[in-house]
Enquirer: 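Dropping a structure here in structure tokens format, bear with me for questions.
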Amino acid sequence: MEKINTDNEYEIARRLKEYRAAVLEFIDYLYDNRSLMRDDIKTIEEMSRIGEKQSPLKPREYYKDKLKYDERNKAFMEKLNELDELSYSTLIILKAKELGLYKNSTIEIRNNLDVTAHLLSDIKPGEAEKIVKAKDKYLTFRKDTDFCNFYTGSLFHDLDLALIEFFGAFTDVSDMERALLKPQPQPQPQPQPEADPAKDITNHFDKTPIGNVIEHFKELEKYMGNGEFIKWIKLAFDLRQLPEQKFTLNRQFLKKDIRHIFHSYWKRYGKKGNKSEYVKLLSDYFAGFEPNNTLNNFHK
């Protein structure tokens, strides 16, 4: 509702009555379509569960976590695409704006439903009866849709507060207060894709695509500390710098298994005559792999 720039009390009363009618029409829309909104609610709940599974992952530090994160982020985006322009997440907002409930911010609803202003505009008994019925419809809608916010931002937060105060001037709203003002689970923020840990890494060592490098050596990650795997990739392939202190592989392992990882990389991406350079990827960066011994036993 646009700001009323008039001192004419009849014009003010007319505009306020139109706004009340728009609010009741919006409530009827929500009430009549509540059963059709179940599919959207199911999708939103699935998105929230995906977000909960993503939160403990550390894609910047662990390659396996990155793979899981990317997989779940893809699933999240697929669900988000289901909430397209025909979903109620969009239609609810469009309907509210179409009816003029607010223009820019949903807090306008709370201002436009100011109880004092409306009570001074001479509400007839017949309209008051409709307002009381609308209260029950709105509460039924909120309960039947599991108090879902439909990714509509603060719309329902401000609408709940405004209607509790407004309906409270006409009927008992203790049931609304219990249902709508009790602490509700906070909606999970929409996960944003984590930056690819390899995004800013360029392979200056042998020009093999860095994604292929990470995929080939990913078995090393389980033997390394937090973030060390990507740090080694960055030092060895991008910066071509030696670490201040060699990386130490943790847990139990056989040296021949570690050598095999590096040897197979050389066989796949290296060239004849440059084997020693690939040996250095292991001996220069990891403790316990003496250069000559590693070179002599590279294929074993």
Enquirer: Check this for me, if you would: do R49 and E52 make a salt bridge, where the nitrogen-to-carboxylate-oxygen distance has to be below 4.0 angstrom?
Expert: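 No, no charged N to carboxylate O under 4.0 Å.
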
Enquirer: State which residue, out of R20, R15, K17, fulfils the side-chain hydrogen bond (donor to acceptor under 3.5 Å, both in side chains) condition with S121.
Expert: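 Option passing the side-chain hydrogen bond (donor to acceptor under 3.5 Å, both in side chains) with S121: R20.
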
Enquirer: Would you check if the side chain of R259 reaches a backbone N or O of N297 as a donor-acceptor pair within less than 3.5 Å?
Expert: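 Flag set: sc R259 to bb N297 pair under 3.5 Å.
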
Enquirer: Distance under 6.0 Å and angle within 45° of the ring axis: does K137 meet both against Y31?
Expert: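 Yes, cation above the ring, under 6.0 Å and within 45°.
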
Enquirer: Would one find more than 12 heavy atoms of other residues, nucleotides or ligands at under 6.0 Å from atom CD of E71?
Expert: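 Atom CD in E71 is not packed in, count stays at 12 or less.
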
Enquirer: Is it the case that the side chain of E108 and the backbone of S105 share a donor-acceptor pair, with hydrogens and angles ignored and the cut-off at 3.5 Å?
Expert: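 Side chain of E108 to backbone of S105, a donor-acceptor pair under 3.5 Å: yes, one is there.
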
Enquirer: Parallel, tilted or perpendicular: which describes the rings of Y29 and F26, with under 30° parallel and over 60° perpendicular?
Expert: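 Y29 and F26: parallel rings.
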
Enquirer: Do NZ/NE/NH1/NH2 and the carboxylate oxygens of K74 and D70 come within less than 4.0 Å?
Expert: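 No.
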
Enquirer: Going through the checks in order, is the side chain to side chain contact (heavy atoms under 4.5 Å, CB included) test met by I109 and V23?
Expert: CA-CA 9 Å; I109 299 173; V23 171; 5.7 Å; no

Enquirer: Let me see the working for R34 and D144 under salt bridge (Lys or Arg N to Asp or Glu O under 4.0 Å), right down to the final yes or no.
Expert: CA-CA 7 Å; R34 67 191 189 283; D144 286 356; 2.8 Å; yes

Enquirer: Go through Y278 and D206 one step at a time and tell me if the side chain to side chain donor-acceptor pair (under 3.5 Å) criterion holds.
Expert: CA-CA 10 Å; Y278 288 81; D206 62 3; 3.1 Å; yes

Enquirer: Under 4.5 Å between side-chain heavy atoms, counting indirect links through other Ile/Leu/Val/Met/Phe/Trp/Tyr residues: same cluster for L120 and Y19 or not?
Expert: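 No; Y19 is not reachable from L120 via cluster members.
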
Enquirer: Search all heavy atoms of V279 against all heavy atoms of P291 and return the closest pair with its distance.
Expert: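 For V279 versus P291, the nearest heavy atoms are CG1-O, 4.2 Å.
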
Enquirer: For I261 versus E219, what's the shortest heavy-atom pair and its separation?
Expert: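 So the minimum-distance heavy-atom pair works out to CD1-CB, 4.0 Å.
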
Enquirer: If you draw a 6.0 Å radius around NE2 in H260, do more than 12 non-hydrogen atoms from other residues or ligands fall strictly inside?
Expert: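 Incorrect, the count does not exceed 12.
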
Enquirer: R72 side chain to K53 main-chain N or O, any donor-acceptor pair under 3.5 Å?
Expert: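 Yes.
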
Enquirer: What do the steps show when you test F167 against L113 for side chain to side chain contact (heavy atoms under 4.5 Å, CB included), and what is the final call?
Expert: CA-CA 10 Å; F167 288 145; L113 276 179; over 6 Å; no

Enquirer: Strictly distance-based, threshold 3.5 Å: is any side-chain N or O of D65 a donor or acceptor partner for the main-chain N or O of P59?
Expert: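 The answer is no, because no donor-acceptor pair under 3.5 Å joins these two groups.
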
Enquirer: Backbone N or O of S283 within a donor-acceptor pair of the K246 side chain at under 3.5 Å?
Expert: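 Here the side-chain-to-backbone pair exists.
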
Enquirer: For Y269 and H216, take the angle between the two ring planes, folded into 0 to 90°, and tell me which bin it lands in: parallel under 30, tilted 30 to 60, perpendicular over 60.
Expert: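 Rings of Y269 and H216: perpendicular, over 60°.
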
Enquirer: Any side-chain to backbone donor/acceptor pair from D146 onto C148? Under 3.5 Å, distance only.
Expert: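 Between the backbone of C148 and the side chain of D146 there is no qualifying donor-acceptor contact (under 3.5 Å).
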
Enquirer: Would you say N274's side chain and E277's backbone share a donor-acceptor pair under 3.5 angstrom?
Expert: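 Between the backbone of E277 and the side chain of N274 there is no qualifying donor-acceptor contact (under 3.5 Å).
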
Enquirer: Quick check: are there more than 12 heavy atoms from other residues, nucleotides or ligands sitting under 6.0 Å from NZ of K231?
Expert: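 No, not enclosed.
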
Enquirer: Search all heavy atoms of T106 against all heavy atoms of S154 and return the closest pair with its distance.
Expert: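 T106 and S154 have their closest heavy atoms at OG1-OG, 2.7 Å.
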
Enquirer: Answer with yes or no after comparing the ring centroid distance for F166 and H118 against a 6.0 Å cut-off, counting only values under it.
Expert: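 Close enough - the centres of the two rings lie under 6.0 Å apart.
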
Enquirer: Does K133 have more than 12 heavy atoms from other residues, nucleotides or ligands lying within 6.0 Å of its NZ?
Expert: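 Not more than 12 within 6.0 Å, no.
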
Enquirer: Answer yes or no for K255 and F289: cation-pi contact, defined as NZ/CZ to six-membered ring centre under 6.0 Å and angle to ring axis within 45°.
Expert: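 Yes, a cation-pi geometry.
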
Enquirer: Mind listing the closest non-hydrogen atom pair of D284 and L242 along with its distance?
Expert: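 Closest pair (atom of D284, atom of L242, distance): CB-CD2, 3.7 Å.
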
Enquirer: Please check this pair: side chain of N296 against backbone of N292, looking for a donor-acceptor N/O pair closer than 3.5 Å.
Expert: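 Checked: pair present.
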
Enquirer: List the atom of F286, the atom of M224, and the distance in Å for their closest heavy-atom pair.
Expert: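 Shortest heavy-atom separation between F286 and M224 comes out as CE2-CE, 3.8 Å.
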
Enquirer: When you look at F237 and T208, which way does the side chain to side chain contact (heavy atoms under 4.5 Å, CB included) test go after all the steps?
Expert: CA-CA 10 Å; F237 290 88; T208 300; over 6 Å; no

Enquirer: Provide the closest heavy-atom pair for I92 versus M37 in the form atom of the first, atom of the second, distance.
Expert: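 Here I92 and M37 meet closest at CD1-CE, 4.1 Å.
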
Enquirer: Side chain to side chain contact (heavy atoms under 4.5 Å, CB included) between I27 and L163: does it pass, once the steps are laid out?
Expert: CA-CA 10 Å; I27 291 174; L163 290 177; 4.1 Å; yes

Enquirer: Check the surroundings of atom NZ in K95: do more than 12 heavy atoms from other residues, nucleotides or ligands lie under 6.0 Å from it?
Expert: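 Count over threshold, so yes.
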
Enquirer: Can you check salt bridge (Lys or Arg N to Asp or Glu O under 4.0 Å) on D122 and K124, steps first, answer last?
Expert: CA-CA 6 Å; D122 189 24; K124 302 300 182 183; 3.0 Å; yes

Enquirer: Examine R251 relative to F253 and say whether NZ or CZ is less than 6.0 Å from the centre of the six-membered ring and inside a 45° cone about the ring axis.
Expert: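 No; the conditions do not both hold, so R251 does not lie above the ring face of F253.
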
Enquirer: Can you confirm whether K234 is buried at NZ, in the sense that more than 12 heavy atoms of other residues, nucleotides or ligands lie under 6.0 Å from that atom?
Expert: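 Enclosed: over 12 neighbouring heavy atoms sit under 6.0 Å from NZ of K234.
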
Enquirer: So that I know where these two stand, are F262 and F298 an aromatic pair - ring centroids less than 6.0 Å apart?
Expert: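 No, they do not, as the ring centres are separated by 6.0 Å or more.
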
Enquirer: Given F217, which partner from the list Y63, W232, F229 fulfils the ring-ring contact (aromatic ring centres under 6.0 Å, His included) test?
Expert: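 So, applying the ring-ring contact (aromatic ring centres under 6.0 Å, His included) to F217 and each of Y63, W232, F229, only W232 qualifies.
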
Enquirer: Identify whether the distance between the nearest side-chain nitrogen and carboxylate oxygen of E215 and K218 falls below 4.0 Å.
Expert: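 Yes, E215 and K218 are salt-bridged.
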
